[in-house]
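We name chains A, B, ... by the order of the sequence lines, and we start the count at 1 in each one. Note that the coordinates shown come from a computational prediction; the quantities given were computed from them, not determined experimentally.
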Amino acid sequence: MKKNNFFQRVYDICLLIPEGRVTTYGAIAKYLSSPLSSRMVGWALNKCPESVPAHRVVNRIGMLSGKIHFTGINLMQQLLENEGISVYDNQVKDFDNVFWDPTKELCL
DNA sequence: GGTCTGACTAAAT
DNA sequence: GATTTAGCCAGAC
């Protein structure tokens, strides 16, 4: 058995996020059967490889709370805008419209 | 092996 | 209504 840790699951979910959509740490944590483990999700993404579109993961209010970990301050925002997501002041516009819930989209 | 931290969330004050 | 604390779990020191 491999170390299918929290990390791998978080990465997997992040990779499942369709372009032009974003999700929240809580949603991912909830998908991991631990809605209270949202911190683990963010922390896992802290070490996320470039293969993981962590820029599509934001906090519950759609704020790019993790952009500070990205190379460059506007990188995360531009990545989202590149996918058609409107971002303003570190916060996703139409967040409710682009919100992608794994527990809902995958288990629907 | 105990302690701390960490890209969050929600309740309490 | 805004700020603070508490809770969660897993890795790093």
Side-chain angles (χ1 to χ4, degrees):
Chain A
M1 268 325 188
K2 291 296 187 59
K3 292 182 154 193
N4 280 356
N5 304 339
F6 239 75
F7 288 51
Q8 189 57 52
R9 296 191 193 181
V10 174
Y11 300 155
D12 185 56
I13 295 172
C14 291
L15 293 171
L16 292 175
I17 301 173
E19 297 181 3
R21 294 288 184 277
V22 294
T23 189
T24 66
Y25 302 100
I28 297 173
K30 188 176 183 179
Y31 185 75
L32 300 177
S33 304
S34 297
L36 301 178
S37 304
S38 49
R39 301 172 69 173
M40 274 61 268
V41 179
W43 186 42
L45 289 176
N46 186 309
K47 295 179 296 207
C48 81
E50 296 180 3
S51 304
V52 180
H55 59 270
R56 292 183 189 153
V57 185
V58 294
N59 65 5
R60 74 177 190 88
I61 63 175
M63 183 187 240
L64 282 60
S65 49
K67 67 152 193 187
I68 55 182
H69 293 281
F70 276 81
T71 308
I73 302 300
N74 295 3
L75 179 61
M76 188 173 183
Q77 179 173 338
Q78 293 187 18
L79 286 171
L80 292 172
E81 290 181 327
N82 187 24
E83 296 185 355
I85 300 174
S86 300
V87 180
Y88 182 74
D89 191 20
N90 300 334
Q91 194 169 329
V92 178
K93 316 305 290 189
D94 297 334
F95 172 66
D96 183 63
N97 189 30
V98 298
F99 176 61
W100 179 83
D101 189 345
T103 62
K104 188 183 295 183
E105 299 295 319
L106 298 177
C107 296
L108 184 59

Below 4.0 Å: OP1/OP2 of B:dC8 and any side-chain N or O of A:S65
yes

With heavy-atom distances below 4.5 Å as the criterion, would you say the side chains of A:L45 and A:C14 are in contact?
yes

Are A:V22 and A:W100 side-chain neighbours, meaning at least one heavy-atom pair lies under 4.5 Å?
no

Would you mind reading off the distance between [X] atom [atom1] and [N] atom [atom2], rounded to a whole angstrom?
X	N	atom1	atom2	answer
A:W43	C:dA10	CH2	P	10 Å
A:M63	B:dA10	CE	P	16 Å
A:Q8	C:dG11	CD	P	12 Å
A:F70	B:dA7	CZ	P	13 Å
A:I17	B:dA7	CD1	C1'	13 Å
A:R9	C:dA10	CZ	C1'	13 Å
A:Q91	B:dC8	CD	P	14 Å
A:M40	C:dA12	CE	C1'	12 Å

Give one of base, sugar-phosphate or nothing for [X], where a contact means two heavy atoms less than 4.0 Å apart.
X	value
A:N46	base
A:A44	nothing
A:K67	nothing

Is there a donor on the side chain of A:S37 or the base of C:dC8 sitting less than 3.5 Å from an acceptor on the other?
no

Quick one: does A:R39 reach the base of C:dC8 with a side-chain donor-acceptor pair under 3.5 Å?
yes

Are more than 12 heavy atoms, taken from residues, nucleotides or ligands other than A:K67, located less than 6.0 Å from that residue's NZ atom?
yes

Tell me whether A:D96 at atom CG has more than 12 heavy atoms from other residues, nucleotides or ligands lying less than 6.0 Å away.
no

Sub-3.5 Å donor-acceptor pair from the side chain of A:N59 to the main-chain atoms of A:M63, do we have one?
yes

Just compare C:dG11, B:dA7, B:dC8 and give me whichever is closest to any side-chain atom of A:N59.
B:dC8

